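This report refers to the structure that appears directly beneath it.
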Amino acid sequence: MLDIKFIRENIELVKKACRDKGEPDVVGDLLIKDDERRELQAEIDEKRHEQKQHSASVGEAIKAGDKKKAEARKNKAKTLSDNIKQLEEKQRVVQAEWEKLMLHVPNIPAQDVPVGGEDANVIVKEWGDIPKFDFDIRDHLDLGDILGILDMERGAKVAGSAFPVLVGDGAKMARGLIALMLDIHRENGFVEIAPPYLANRDAMVGSAQIPKLEDDMYHIQQDDLFLIPTSEVPTTNLHAGEILAEAELPIYYTAYSANFRREAGSYGAETRGLLRVHQFDKVELVKFVLPEESQKEHESLLAEAEKVLQTLEIPYRVKLLATGDMSFAANKVYDLDIWAPAERKWLEVSSCSNFLDFQSRRANIRYRPDGGGALRYVHTLNASGVALPRLLVSLWELGQTERGTIKIPVALVPYFGGMEEIIPRVKIP
RNA sequence: GGAGAGGUGGCCGAGCGGCUGAAGGCAACUGCCUGCUAAGCAGUUAUACGGGCAACCGUAUCGAGGGUUCGAAUCCCUCCCUCUCCGCCA
């Protein structure tokens with residue numbers, strides 16, 4: 001969330017952010033509620049001061065042995081105390097309403113982010129050549145079927161539609177890619193994390209999935225736990241409530257996890273096969289950095305995610321998201337899209353975001369500056385590095401041959417036991 | 001899941017109804033002293049919010065949330081976490 005002081009001092013800027021991001025503008029309501037909250041707080045502080053003094057005088061009277069005086073003072077103190085309790089009751093309500101409004105104020109987009117919807121996104125870079133095929137190419141569903149490496153129907157039987165089952169070399173490829181990606185990131189200084197796949201409500205508020213995305217997550221009612229929609233959640237919350245030393249920063253983590261998304265209401269052509277699924281694998285990158293470093297760290301984080309695609313030799317483009325297309329919590333976002341020739345479109349495989357102190361305020365992640373001074377909030381960033389299902393779509397479609405086989409990218413061969421090509425082999429009945 | 005022990009400042013650790021934002025120690029910082037270092041002496045060292053130009057003042061915070069009381073780190077209740085034992089189970 002934003003600093004309430006910042007909001008008070010930059011009302012128009014915050015309102016503009018709400019407009020540009022397409023979020024409901026609660027700023028007016030928030031300011032009214034904040035006045036109420038502050039006045040109430042001041043009143044309570046004052047009353048408590050009075051009550052404390054009376055209370056202390058009770059002790060003095062008792063010590064002096066003046067029972068009558070003690071009783072009289074006690075009664076007066078009791079009245080004050082009851083009065084405070086009433087005010088506190090009111091404060092609880094006001095505070096809860098205030099917090100709710102605070103959680104609904106989006107982060108401010110960076111200055112260089114284009115204003116507008118999806119159409120205003122800017123392609124800032126393209127890498128690799130889009131290949132031409134001199135035969136009729138198959139899409140990933142056909143390839144998955146021919147090679148016996150993907151089974152959508154049986155996944156639907158077991159769990160529901162959009163729960164794919166990777167089979168044989170399909171599953172092996174997923175495993176190899178996860179290992180390859182983690183190795184790339186580890187080599188570049190990221191500490192590998194194997195996180196919990198369930199997270200509690202506090203964690204979801206901390207990384208800002210709640211309130212906005214609550215309905216997009218699977219929820220386990222019995223324990224009030226959520227299946228993580230991304231390992232950003234457990235990883236960013238790793239340091240929730242902590243005070244780090246400046247010398248400990250920056251902290252880089254990479255985490256593989258399965259991810260779970262309800263994707264309620266999204267059906268149709270966009271969701272065929274592996275394009276949009278309820279459970280998918282992803283390797284995530286998370287950074288905790290000094291505020292003055294976060295812009296630079298954002299660029300290098302993008303480069304880190306790109307490294308995966310370059311290693312796998314997949315043509316991709318980098319998109320700077322416009323205000324209306326970026327997430328609630330983000331200050332600036334790059335998306336990485338890879339080319340899928342049979343789909344004839346770009347598939348998003350990574351979102352690379354700088355949140356500034358938006359998440360760290362919610363999760364209360366601060367650091368102590370060298371040489372003292374007030375505690376400051378760290379800046380957090382994350383990027384997918386990268387998500388698997390669409391990566392498979394692209395690799396299969398790009399790597400296909402006229403014979404219906406799939407060539408394995410050179411960098412992945414060592415992770416594939418030296419195998420260079422997926423050919424039709426054991427097919428489950 | 002059951003029984004027990006515990007959770008206090010950067011760390012260790014005392015407190016078990018008012019004089020405690022919290023003794024004492026360690027660590028860190030500042031000054032003095034000193035060929036250098038060590039030791040010694042004196043002092044400083046939590047966070048948030050509100051008020052004031054400021055020195056400063058007020059309020060809250062001793063795992064979290066409720067309660068009892070004029071007054072709670074201290075008593076009661078619920079929950080969370082850690083440890084020990086038992087049970088159950090990949």
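Quick caveat, the model's predicted, so the values are computed rather than measured.
Side-chain proximity of A:V58 to B:rG18, B:rG58, B:rC19: nearest is B:rG18. When distances run from any side-chain atom of A:R92 to the nucleotides B:rA48, B:rG67, B:rC70, the shortest one goes to B:rG67. Among the nucleotides B:rA60, B:rG18, B:rU47, the one closest to the side chain of A:L375 is B:rU47. Checking B:rG50, B:rU47, B:rG18 against the side-chain heavy atoms of A:S55 singles out B:rG18 as nearest. Side-chain atoms of A:D45 lie closest to B:rG58 of the nucleotides B:rG58, B:rG50, B:rU47. Closest to the side chain of A:K5, from the set B:rG50, B:rG71, B:rU59, is B:rG50. Considering only side-chain atoms of A:K63, the nucleotide from B:rG50, B:rC19, B:rG10 that sits closest is B:rC19.
Residue A:K332 is tested with A:N354, A:N107, A:D112 for a side chain to side chain donor-acceptor pair (under 3.5 Å); the sole match is A:D112. Screening A:K90, A:K33, A:R92, A:R37 against A:E97 for a salt bridge (charged side-chain N to carboxylate O under 4.0 Å, His left out) leaves a single residue, A:K33.
Looking at A:E299 and A:K296, no side-chain N of the basic residue comes within less than 4.0 Å of a carboxylate O on the acidic one, giving no salt bridge. A:R376 has a carboxylate O that lies under 4.0 Å from a charged side-chain N of A:E292, or vice versa, which qualifies the two as a salt bridge. Between A:K407 and A:E421 there is no salt bridge, since none of the side-chain N atoms of the basic residue sits less than 4.0 Å from a carboxylate O of the acidic one. Between A:R8 and A:D34 there is a salt bridge, since at least one side-chain N of the basic residue sits less than 4.0 Å from a carboxylate O of the acidic one.
Mapping A:K52 and A:R366 onto RNA chain B by nearest heavy atom places A:R366 closer to the 5' end of the strand. For A:G59 and A:H49, each mapped to the nucleotide of RNA chain B holding its nearest heavy atom, the one lying further toward the 5' end belongs to A:G59.
A:Q91 has its CD atom 13 Å from the C1' atom of B:rA48, to the nearest Å. Protein atom CD of A:Q41 is 7 Å distant from nucleotide atom C1' of B:rU59, rounded to whole Å. Here B:rU69 presents its P atom at 16 Å from CG of A:L80, a figure rounded to the nearest Å. Computed from coordinates, the A:Q95 CD to B:rU61 C1' distance equals 14 Å when rounded to whole Å. If you take CG of A:N83 and P of B:rC70, they are 15 Å apart, rounded to a whole angstrom. At whole-Å resolution of the value, CD in A:E60 and C1' in B:rG17 are 17 Å apart. If you measure from atom CG of A:D66 to atom P of B:rC70, you get 18 Å, rounded to the nearest angstrom. Spacing between atom CG of A:L40 and atom P of B:rA60 amounts to 15 Å, rounded to whole angstrom units.
B:rU47 and B:rG10: their P atoms are spaced 8 Å apart (whole Å). Comparing the P positions of B:rG9 and B:rA46 gives an interatomic distance of 14 Å, to the nearest angstrom. Between the C1' atoms of B:rG65 and B:rA54, the separation comes to 39 Å (whole Å). A gap of 15 Å separates the C1' atoms of B:rU68 and B:rU78, to the nearest Å. When the P atom is used for both B:rU69 and B:rC56, the distance is 39 Å, rounded to whole Å. On the P atoms, B:rG63 is 27 Å away from B:rC57, given to the nearest whole Å. Across B:rC76 and B:rA38, the matching P atoms stand 49 Å from one another, rounded to whole Å. For the P atoms, the distance linking B:rA27 with B:rC80 amounts to 39 Å, nearest Å.
The phosphate of B:rC70 has neither OP1 nor OP2 within less than 4.0 Å of any side-chain N or O from A:K74. Applying the 4.0 Å criterion to OP1 and OP2 of B:rG67, one finds that A:K85 has every side-chain N and O outside that range. Taking 4.0 angstrom as the limit, A:S81 places a side-chain polar atom (N or O) nearer than this to OP1 or OP2 of B:rG71. A:R38 has a side-chain polar atom (N or O) that falls below the 4.0 Å cut-off from OP1 or OP2 of B:rG50.
Residue-level contact check: A:R48 touches the backbone only, with heavy atoms under 4.0 Å from sugar-phosphate atoms and none from bases.
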Item to complete: Any chance you could lay out the side chain to side chain contact (heavy atoms under 4.5 Å, CB included) test for A:R366 and A:V378, step after step, and finish with the verdict?
Response: CA-CA 5 Å; A:R366 292 172 294 175; A:V378 303; 6.0 Å; no
